Number of protein chains: 2
Amino acid sequence: MPATRKIFREFIARKGLKSTQQREIILDEFLRSGSHLSTEELYLRIRAKHPHIGYATVYRTLKLFAECGIAEPRHFGDGQTRYESTHAQEHHDHLICTGCGAILEFEDPGIEQLQEQVAAQHGFHIERHRLEIYGLCNKCLPSRTEAAQ
Amino acid sequence: MPATRKIFREFIARKGLKSTQQREIILDEFLRSGSHLSTEELYLRIRAKHPHIGYATVYRTLKLFAECGIAEPRHFGDGQTRYESTHAQEHHDHLICTGCGAILEFEDPGIEQLQEQVAAQHGFHIERHRLEIYGLCNKCLPSRTEAAQ
DNA sequence: CTTAAGATTGACAATCATTTTCAACCCAGG
DNA sequence: CCTGGGTTGAAAATGATTGTCAATCTTAAG
């Protein structure tokens, strides 16, 4: 995704910040890795190749990514912040199991289209959205049949 | 909300837990207070009338509320968990303007229905969901026509 | 190329929300 | 009442995230 790198570079320049090796490395690994990576998971992957990069730097850099819009922070309820690339792949939404914590991705053009309609009714121009559905997956459903309600 | 109290009492009974003064007091204050209260804010309100109730008890009790479905935890990015009463008002989703910060509420039965379809395809049982659409409202749209990309 | 100013880094300490620990205590049933 | 086991409050522990600070790297100027 060349656009993502460009956005970040321009952001760095505009803010009077500096382009460093660490930031490039972290951006590389962030874009290469799949979504839903927690900061710790990303840090561990980076450290595998670049043991000199510190935990705090990963945190700081991810906040920069979020600030310039190339990453989006998410909270799935496990106490950790996860960042997702906004340009790397097709948009998708999430089914999150409150039983086992499993995260399923899905995309539904119908839902997207209805969102556009709703936005249009309000004179609203959509930049992005977030849809998270919480519930029980088919593995956890049986074990909660009596406790659920 | 008499139903809410009943749900909680039944949950307590079903789980073999006990009905205590503290739990009643916390439920009272939780229902009396508006939504989006952080745990700390709720604790402070409770402590004003009942100085003997501890912080940990409020945390523990709110988790019980969430577990039995009468409260819903939310994360707004400030690092604190907020609980919202699920019976206080109708469900709604949000359009959030990234220009001026305005928040519009909406509800769309069509979107809800498609969500049910998606969940069914994945063998998923929905407990709750959250849909947030970010973009520009009709007031902010004109001023960003060139700066957007 | 050299240099100086200032941003950045990494190791570690500090912070903040939340959870756990544990002895004292309360609730339900016998 | 009594007893077993869930509950509580205070404090310590935990875990994620952020701040500190001296050493280091970037960048633009000289």
Side-chain angles (χ1 to χ4, degrees), chain A residues 8-30 36-68 71-83 101 147, chain B residues 8-30 36-68 71-83:
Chain A
F8 184 59
R9 294 230 182 80
E10 289 176 358
F11 171 78
I12 289 288
R14 188 183 341 123
K15 285 273 194 173
L17 305 178
K18 290 176 178 175
S19 172
T20 68
Q21 256 194 321
Q22 286 90 334
R23 285 174 178 164
E24 291 296 323
I25 290 169
I26 294 169
L27 180 54
D28 273 355
E29 192 58 43
F30 174 68
H36 307 155
L37 240 55
S38 69
T39 307
E40 181 178 18
E41 290 162 343
L42 185 62
Y43 166 67
L44 290 175
R45 289 199 185 193
I46 289 169
R47 199 179 58 175
K49 290 186 177 180
H50 306 273
H52 57 94
I53 291 187
Y55 214 146
T57 302
V58 177
Y59 268 96
R60 289 186 282 232
T61 305
L62 283 172
K63 292 193 87 168
L64 288 179
F65 293 171
E67 202 180 333
C68 73
E72 198 178 321
R74 296 177 173 276
H75 302 268
F76 288 145
D78 62 349
Q80 281 187 276
T81 301
R82 290 155 193 278
Y83 287 87
Chain B
F8 185 58
R9 293 230 182 83
E10 288 177 359
F11 171 78
I12 288 289
R14 187 183 342 122
K15 285 275 193 172
L17 306 179
K18 289 179 178 173
S19 171
T20 67
Q21 255 195 322
Q22 286 90 334
R23 284 173 180 166
E24 290 297 323
I25 290 169
I26 293 169
L27 180 53
D28 274 354
E29 192 59 42
F30 174 69
H36 304 157
L37 236 56
S38 70
T39 306
E40 182 179 17
E41 290 161 343
L42 185 63
Y43 166 67
L44 290 175
R45 289 198 185 195
I46 290 168
R47 199 179 59 175
K49 289 186 179 182
H50 306 274
H52 57 95
I53 291 187
Y55 215 145
T57 301
V58 177
Y59 268 97
R60 288 186 281 233
T61 305
L62 283 172
K63 292 193 89 169
L64 288 180
F65 292 171
E67 203 180 331
C68 73
E72 195 179 322
R74 313 198 80 152
H75 302 268
F76 288 143
D78 63 349
Q80 280 187 278
T81 302
R82 289 154 194 279
Y83 288 87

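Each chain gets a letter, A, B and so on, in the order its sequence line appears, and its residues count up from 1. Keep in mind that this is a model prediction, so the values were computed, not measured. The figures that follow rest on heavy atoms only: side chains count, while hydrogens, waters and symmetry mates do not.
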Tabulate protein N/O versus nucleotide N/O from nucleotides 13-18 of chain D, keeping only pairs under 3.5 Å, one per line.
from: D:dA16; atom 1: O3'; to: A:Gly79; atom 2: O; distance (Å): 3.4
from: D:dT17; atom 1: OP1; to: A:Thr81; atom 2: N; distance (Å): 2.8
from: D:dT17; atom 1: OP1; to: A:Thr81; atom 2: OG1; distance (Å): 2.7
from: D:dT17; atom 1: OP2; to: A:Tyr59; atom 2: OH; distance (Å): 2.3
from: D:dT17; atom 1: O5'; to: A:Tyr59; atom 2: OH; distance (Å): 3.2
from: D:dT18; atom 1: OP1; to: A:Lys63; atom 2: NZ; distance (Å): 2.9

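- Between the NZ atom of A:Lys15 and the C1' atom of C:dG6 there is a distance of 17 Å, given to the nearest Å.
- The interatomic distance linking A:Arg9 (CZ) with D:dT27 (C1') rounds to 16 Å, in whole Å.
- Here C:dT19 presents its C1' atom at 16 Å from OH of B:Tyr43, a figure rounded to the nearest Å.
- In this structure, B:Arg47 atom CZ and D:dT8 atom P are separated by 18 Å, rounded to whole Å.
- Checked for salt-bridge contact, B:Glu24 and B:Arg9 meet the test: a charged N lies under 4.0 Å from a carboxylate O.
- B:Arg60 contributes no side-chain N or O that forms a donor-acceptor pair with the base of D:dG6 under 3.5 Å.
- For C:dT8, one of the phosphate oxygens OP1 or OP2 lies less than 4.0 angstrom from a side-chain nitrogen or oxygen of A:Arg23.
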Within the sub-3.5 Å range, which N or O atoms of nucleotides 24-30 of chain C have a protein N or O partner, and how far apart are they?
from: C:dC27; atom 1: O2; to: B:Lys18; atom 2: NZ; distance (Å): 3.0

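- The minimum heavy-atom distance between A:Tyr55 and A:Tyr43, with the atom names listed, is N-CE1, 3.5 Å.
- When rounded to the nearest whole Å, the span between CD1 of A:Ile46 and P of C:dG10 equals 10 Å.
- When each of B:Gly16 and B:Ile53 is assigned the nucleotide of DNA chain D bearing its nearest heavy atom, the one mapping closer to the 5' terminus is B:Gly16.
- Dashed line: the shortest gap from a side-chain N or O of A:His52 to OP1 or OP2 of C:dT9 is not under 4.0 Å.
- The two residues A:Pro73 and A:Thr81 come nearest to each other via the heavy atoms CB-CG2, 4.0 Å.
- Across the protein-nucleic acid pair, B:Glu24 atom CD and D:dT8 atom C1' stand 16 Å apart, rounded to whole Å.
- Relative to the axis of its first five pairs, the axis of the last five pairs of the helix from C:dC1-D:dG30 to C:dG30-D:dC1 sits at 30°, rounded to 10 degrees.
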